[in-house]
Amino acid sequence: MDISTFTIATLGSHSALQILKGAKDEGFKTLVFCEKGRSKPYLSYRVADEIIEVESFTNYFTEIEPELIKRNAILIPHGSIINAIGAATAPKIQANYYGSKGILEWESNRSKERVWLKDAGLQLPKIFSSPEEINCPVIIKFHGAKGGRGYFIANSPSEFYERIKEYPGEDDFVIQEYIVGVPIYAHYFHSIQNDELEIMGFDKRYESNADSIGRIAAKDQLEANIHTSYTITGNIPVVVRESLLPMFFELGENVVKASRKLTDKGLFGPFCLEGIIDTNLNLYVFEISARIVAGTNPYIQGSPYTALRYDEPMSTGRRIAREIKEAILADKLETILG
Ligand code: AMP
């Protein structure tokens, strides 16, 4: 088989520019679906051979999937796709889908995710099953809160009950130990072709208003009654101290190993461990994303880590395309399709 009969496709949002550029660099035809009025970046950056405008990504099965199948396209999933169609519906996708669909139910369900990460030996922030148990700073996360908007911090049961009044009717939330430290997002790629884990890079997020509250004095914050929120606006590259790298490799490998007990092929391709490192260099992981994350976007030309391993610019998007290309050339495409 050769790659000319395939097209790499994705939805125009999240990390699509990187995915499409990477696919082009590897010699694939590219296709992007954009919601009406939102195609300008894909046109301007010339990453897509074809742009199809749709009413809404939520119409995946009627507006998008038939076009994918018609073109023998391989869909690269990212956060906006999972948001639009829902992790529970993803297994119904008939088009060629890169990655493990089975793992999505484990990453999208908070209790299942904990079972998986605990089994991999990761340290996780404690979960409080009732507000009465709060005895340290906690972060209250609403399920489905997009980009961390609406989270709040409480230090005691009474503070929790006071703050929760601002969210009438909301009862789908988790009360999680608040870890004081720095957020670090580790980007991995596990290749099925050579059964090896690569660290592609790290980032931290630029969150509003959490990342700017310190610009005004604590006294003014109190007077203005400012509440912390974590709305993601962008991503900032991070290089971790080198002595932390053995730990990051080990954790990533353990997560992949543990995933093989959950689904047939387990986790493969890009994924991200999202955590906080405290002052004693302990990493507490609060989430896993089993797909490409937007934190890889600063590295379209490769990261300091991929520069060590590859003699050419290697983004996560391009790494995905390379893996697909190698699978096609080896006649093993089915090994990387979910
Ligand atoms: P999330 O929506 O779970 O990715 O969290 C959004 C942001 O909240 C993260 O980027 C962190 O800055 C912060 N955060 C989440 N969980 C914790 C935690 N357990 N301790 C401290 N900060 C957290």
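Just follow the structure's listing: the first ligand is 1, and inside any ligand the first atom is 1.
Of the candidates Tyr151, Tyr185, Tyr230, Tyr185 brings a heavy atom nearest to atom 9 (C) of ligand 1. The option from Lys126, Arg205, Glu207 that lies nearest to atom 4 (O) of ligand 1, judged by heavy atoms, is Arg205.
Every atom of ligand 1 with a heavy atom of Glu177 under 4.0 Å away is listed here by number and element: 18 (C), 19 (N), 20 (N). When each atom of ligand 1 is checked for a heavy atom of Tyr178 under 4.0 Å away, the hits are 20 (N), 21 (C), 22 (N).
A side-chain donor-acceptor contact under 3.5 Å links Asp211 to the backbone of Glu207. Judged by distance alone, the side chain of Tyr188 and the main-chain N or O of Phe248 form a donor-acceptor pair under 3.5 Å. Between the Ser229 side chain and the Ser208 main chain, a donor and an acceptor come within less than 3.5 Å of each other.
Sorted by first and then second residue, the side-chain hydrogen bond (donor to acceptor under 3.5 Å, both in side chains) pairs involving residues 173-184 (not counting sequence neighbours) are Lys141-Gln176.
Contact annotation: for Lys141 versus ligand 1, heavy atoms closer than 4.0 Å belong to the side chain alone. When non-hydrogen atoms are compared, ligand 1 lies under 4.0 Å from the side chain of Phe286 (C-beta onward) but not from its backbone.
The shortest N or O to N or O distance between Ile139 and ligand 1 is not under 3.5 Å.
For the pair Lys165 and Tyr161, the cation does not sit on the ring face, since its NZ or CZ is not both under 6.0 Å from the ring centre and inside 45° of the axis.
Just one of Ile8, Thr10, Leu333, Ile74 meets the side chain to side chain contact (heavy atoms under 4.5 Å, CB included) condition when paired with Tyr98; it is Ile74.
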